[in-house]
Amino acid sequence: MAKGLFQSPKGVRDILPEDQVYWRRVEDAIRKIVDLYGYERLDLPVFEDTGLFRRGVGEATDIVEKEMYTFKDKGDKSITLRPEFTAGVMRSFIQNSMDQLPKPTKLYNIGQVFRYERPQAGRFRQFYQFNVEALGEVDPALDFEIMSMAYHLYDELGFENLSFQINSIGCPHCRPGFHEQLTSYYKQRFNDICTDCQTRLDKNPLRLLDCKREQCQPIIEVAPSMADCLCDECRDHFKTLRRYLDDAGRLYTVNHRMVRGLDYYTKTVFEVWAQGIGAQNAVCGGGRYDGLSEILGGKPMPGIGFAAGIDRIVMSLQAQDHLKLSRPAPQAFFVTQGAGAKEQAVRLIIELRNAGISAMLAFGDRSFKAQFKEADKRRTRFTIVIGEGELEGQYVTVKNMSESSQENVPWSELVEYIGK
RNA sequence: GUGGGUGUAGCUCAGUUGGUUAGAGCGCCAGGUUGUGGCCCUGGAGGUCGCGGGUUCGAUUCCCGUCAUUCACCCCA
């Protein structure tokens, strides 16, 4: 495999020309959705002050504890490659006084994010996210709008068999009570739970509900549920969101065990799971983060958003037969014999391209056979031949590659002939 | 961070109970057709058998180490 002196670092990869058609497909769908919902693009730096993520994402999260690409720059400042978008969006929102804008402020981002993890199927150290945020509004109708964008995006891409998981994880008023119930419940069963859960109990109790170990399942079964501890406001919020979803005929699963890995979430959280991409099946995750602004020194500013993993979306598209795409091919491919013929081909190519018709030329000095082989490999629709006869008669021979038929066309009529 | 799998041609992989010139299919290049692709036929290019060490008369094959890669756990997009 390796030929040269270097290969790409672990966990990062090249997105090759043959795959670009899928990426473009996803980008097109994204553009359509954001325009339809009135979201505007915000481009952020790829790196930020390390402190932004430590505080914004949360010290106790896996991202901060073990997954950040952090380094000192030449000014001895600690810099981190963004592991997610939301903290950066909030920083930018505060820094640029976006609270002066109409609320909610609707923003989206597209770009690379970085997490130092062991690579596996669907997991990379550099990957691409489409990220959406709406700030300044607590209305559950906004939660619905954000989720609708996710549904809509996957509809637009032709996905089938997706699973939407939603939950409410409460707010600073009701979650502490739940925490307490949960931890005291687990403390009594400390010796029956797995070692991971024993540390979770201390570090991140909500995660206890997420454990997949066999031995913990019976304990999760009868554990206290967040749903029973939600305050009136959170309960109403969740109920209203669900009513919107039901009215719209959107399918979802209420998953009381889904808690999400970032500290800033409040109330609504959701994930979207896809098939055919390995064990890492989440293609989208998000939720509400009503307390984040204050954590970052801004004034209270509720918000909700999600991030969709473009790499995984592409993988899932490629895994679904009916969504397979082929790379683009030129309309016309010129093959020539002799210097004069090539000069004429170059002139005609300019005309075609100016008319919006994609055209290519066989370079070098090769036999017609070799040039035709190239034309075939590039899957051109028409191969256009210019040899001695054509040059003299001021016409070209146009071969339709799929029908294997050919016709003589005067130079002056070529654009019209191909364009029709 | 933990655990398993795999490293032989550009790609997918055979192979050698350790033996001298390492194979296939696909791909690539050329010819069969000095103006025509896809099919077919013929030929050609291309390999430090991941790297280092050990055992051996001899290692691609056995042993150790190492690196890379891959899948999974943790967690997430």
Side-chain angles (χ1 to χ4, degrees), chain A residues 1-3 6-11 13 18 26 57 60-67 82-86 110-131 150 194-197 199-200 203-204 207 210-213 258-262 269-274 277-286 306-316 333-338 341 362 364 366-391 396-406:
Chain A
M1 164 186 151
K3 267 287 179 161
F6 299 102
Q7 64 173 329
S8 54
K10 187 196 287 289
R13 63 193 184 132
E18 65 205 54
V26 176
V57 177
T61 59
D62 275 19
I63 288 180
V64 170
E65 278 187 347
K66 53 184 205 192
E67 295 172 5
R82 61 188 178 201
E84 57 114 41
F85 276 102
T86 305
I110 296 173
Q112 299 92 328
V113 292
F114 305 85
R115 293 184 197 170
Y116 189 89
E117 298 183 89
R118 288 280 287 263
Q120 71 183 78
R123 165 177 290 160
F124 312 98
R125 289 182 172 181
Q126 170 180 299
F127 56 102
Y128 292 75
Q129 284 189 338
F130 162 50
N131 183 73
C194 70
T195 50
D196 282 346
C197 279
T199 55
R200 284 189 185 110
K203 252 183 53 185
N204 196 345
R207 281 246 156 274
D210 210 22
C211 184
K212 281 137 204 144
R213 287 259 155 66
M258 185 183 62
V259 294
R260 311 276 305 142
L262 295 83
V269 294
F270 67 98
E271 286 185 8
V272 183
W273 298 342
I277 56 176
Q280 306 306 317
N281 65 347
V283 290
C284 176
F306 71 76
I310 299 178
D311 308 67
R312 288 183 187 175
I313 291 173
V314 167
M315 287 175 74
S316 191
F333 187 91
F334 282 78
V335 305
T336 64
Q337 200 100 91
R366 290 172 294 157
S367 67
F368 270 124
K369 183 188 173 85
Q371 297 183 63
F372 261 89
K373 279 195 163 189
E374 184 185 342
D376 187 56
K377 267 176 245 155
R378 294 192 187 274
R379 294 174 307 116
T380 183
R381 202 162 141 236
F382 297 107
T383 299
I384 298 171
V385 186
I386 306 180
E388 261 178 57
E390 287 86 349
L391 197 55
V396 293
T397 302
V398 179
K399 178 164 186 175
N400 182 317
M401 295 298 273
S402 56
E403 290 169 16
S404 216
S405 59
Q406 53 187 51

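Proteins come first, then strands; the chains are lettered A, B, ... in the order of their sequence lines, and each starts at number 1.
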Student: Side chains of F372(A) and F333(A): closer than 4.5 Å at any heavy-atom pair?
Tutor: no
Student: Which is true for A121(A) with a 4.0 Å heavy-atom rule: it touches a base, it touches only sugar-phosphate, or it touches nothing?
Tutor: sugar-phosphate
Student: On a plain distance test, is the side chain of E65(A) in donor-acceptor contact with the base of G1(B) below 3.5 Å?
Tutor: no
Student: In this structure, how many angstroms lie between the C1' atom of C75(B) and the CZ atom of R125(A), rounded?
Tutor: 14 Å
Student: Which one is paired to C51(B), where only Watson-Crick or G-U wobble pairs with both distances under 3.5 angstrom count?
Tutor: G65(B)
Student: Tell me what G278(A) touches on the nucleic acid: a base, only sugar-phosphate, or nothing, going by heavy atoms under 4.0 Å.
Tutor: sugar-phosphate
Student: Determine, answering yes or no, if F368(A) is stacked on U36(B) under the 5.5 Å centre rule and the 30° plane rule.
Tutor: no
Student: Which distance, rounded to the nearest 0.5 Å, do you find between the CZ of F127(A) and the CZ of R115(A)?
Tutor: 4.0 Å
Student: F127(A) has an atom CZ; how far is it from atom C1' of C76(B), in whole Å?
Tutor: 7 Å
Student: If you pin E403(A) and G286(A) to their nearest nucleotides in RNA chain B, which one's is more 5'?
Tutor: E403(A)
Student: Compare all side-chain heavy atoms of K399(A) with those of S404(A) and state whether any distance is below 4.5 angstrom.
Tutor: yes
Student: Using a 4.0 Å heavy-atom cut-off, does F130(A) contact any base of the nucleic acid, only the sugar-phosphate backbone, or nothing at all?
Tutor: nothing
Student: Using both distances under 3.5 Å as the test, list the Watson-Crick or G-U wobble partner of G25(B), or none.
Tutor: C11(B)
Student: How many Å lie between CZ on R123(A) and C1' on C76(B), as a whole number?
Tutor: 6 Å
Student: Could you give the distance separating A14(B) and A68(B) at their P atoms, to the nearest angstrom?
Tutor: 24 Å
Student: Rounding to a whole Å, what distance do you find between Q371(A):CD and G35(B):P?
Tutor: 12 Å
Student: Can you find a pair of side-chain heavy atoms, one from I110(A) and one from I310(A), that are under 4.5 Å apart?
Tutor: yes
Student: Let's see if you can work this out: which of C75(B), C76(B), U36(B) has an atom nearest to the side-chain heavy atoms of R115(A)?
Tutor: C76(B)
Student: Give one of base, sugar-phosphate or nothing for R13(A), where a contact means two heavy atoms less than 4.0 Å apart.
Tutor: nothing
Student: Taking the minimum atom-to-atom distance to the side chain of K66(A), which one of C74(B), A77(B), U69(B) wins?
Tutor: C74(B)
Student: Measuring only the C1' atom in each nucleotide, how far is U21(B) from G25(B)? A whole number of Å is fine.
Tutor: 22 Å
Student: Whole-Å distance between C71(B) P and E117(A) CD?
Tutor: 14 Å
Student: Under 4.5 Å between any side-chain heavy atoms of Q112(A) and R82(A), yes or no?
Tutor: yes
Student: Would you mind telling me which residue lines up with the more 5' stretch of RNA chain B, P9(A) or E390(A), judged by nearest nucleotide?
Tutor: E390(A)
Student: Going by heavy atoms in the side chains, are D311(A) and R13(A) under 4.5 Å from each other?
Tutor: yes
Student: Who does G3(B) pair with, Watson-Crick or G-U, both distances under 3.5 Å?
Tutor: C71(B)
Student: F334(A) CZ to G37(B) P: how many Å, rounded?
Tutor: 19 Å
Student: Counting N and O atoms only, with roles assigned by atom type, does the side chain of R125(A) sit under 3.5 Å from a partner on the main chain of E117(A), one being a donor and the other an acceptor?
Tutor: yes
Student: Scan every strand shown for a Watson-Crick or G-U wobble partner of G46(B), both distances under 3.5 Å, and answer none if you come up empty.
Tutor: none
Student: Strictly by Watson-Crick or wobble contacts shorter than 3.5 Å, is anything paired with C57(B), and which nucleotide is it?
Tutor: G19(B)
Student: What parts of residues 308-315 of chain A reach RNA chain B, counting only heavy atoms under 4.0 Å away?
Tutor: G309(A), R312(A)
Student: If we take the C1' atom in both U17(B) and G31(B), what is their distance in whole Å?
Tutor: 43 Å
Student: Does M401(A) reach the side chain of R379(A), with side-chain heavy atoms less than 4.5 Å apart?
Tutor: no
Student: With rounding to whole Å, what would you report as the distance between C41(B) and A59(B) at their C1' atoms?
Tutor: 40 Å
Student: Rounded to whole angstrom units, what separation is found between the CG atom of D376(A) and the C1' atom of C40(B)?
Tutor: 15 Å
Student: Taking the side chain as every heavy atom from C-beta outward, state whether I277(A) and V283(A) have any atom pair closer than 4.5 Å.
Tutor: yes
Student: So, OP1 or OP2 of A72(B): does either fall under 4.0 Å of a side-chain N or O from Q120(A)?
Tutor: yes
Student: Heavy-atom distance under 4.5 Å between the side chains of Y116(A) and P83(A), does that happen here?
Tutor: no
Student: Find the distance R118(A):CZ to G3(B):C1' and express it as a whole number of Å.
Tutor: 9 Å
Student: Say you pick atom C1' in A22(B) and the same atom in U60(B); how far apart are they, in whole Å?
Tutor: 8 Å
Student: Quantified in whole Å, what is the C1' atom distance between nucleotide G46(B) and nucleotide A72(B)?
Tutor: 36 Å
Student: Report the distance from atom CD of Q280(A) to atom CZ of R123(A), rounding to the nearest 0.5 Å.
Tutor: 4.0 Å
Student: Could you give the distance separating G47(B) and C40(B) at their P atoms, to the nearest angstrom?
Tutor: 27 Å
Student: Could you give the distance from NZ (K369(A)) to CD (E374(A)), rounded to the nearest 0.5 Å?
Tutor: 15.0 Å
Student: Which atoms of nucleotides 27-34 of chain B (N or O only) lie under 3.5 Å from a protein N or O atom, and what are those distances?
Tutor:
from: C29(B); atom 1: OP2; to: K377(A); atom 2: NZ; distance (Å): 2.9

Student: Please measure how far the C1' atom in G58(B) lies from the corresponding atom in G5(B), and state the result in whole Å.
Tutor: 31 Å
Student: Any base atoms under 4.0 Å from V283(A), or only sugar-phosphate, or nothing? Heavy atoms, all strands.
Tutor: sugar-phosphate
Student: Report which part of the nucleic acid S404(A) touches: base, sugar-phosphate, or nothing (heavy-atom distance under 4.0 Å, all strands).
Tutor: base
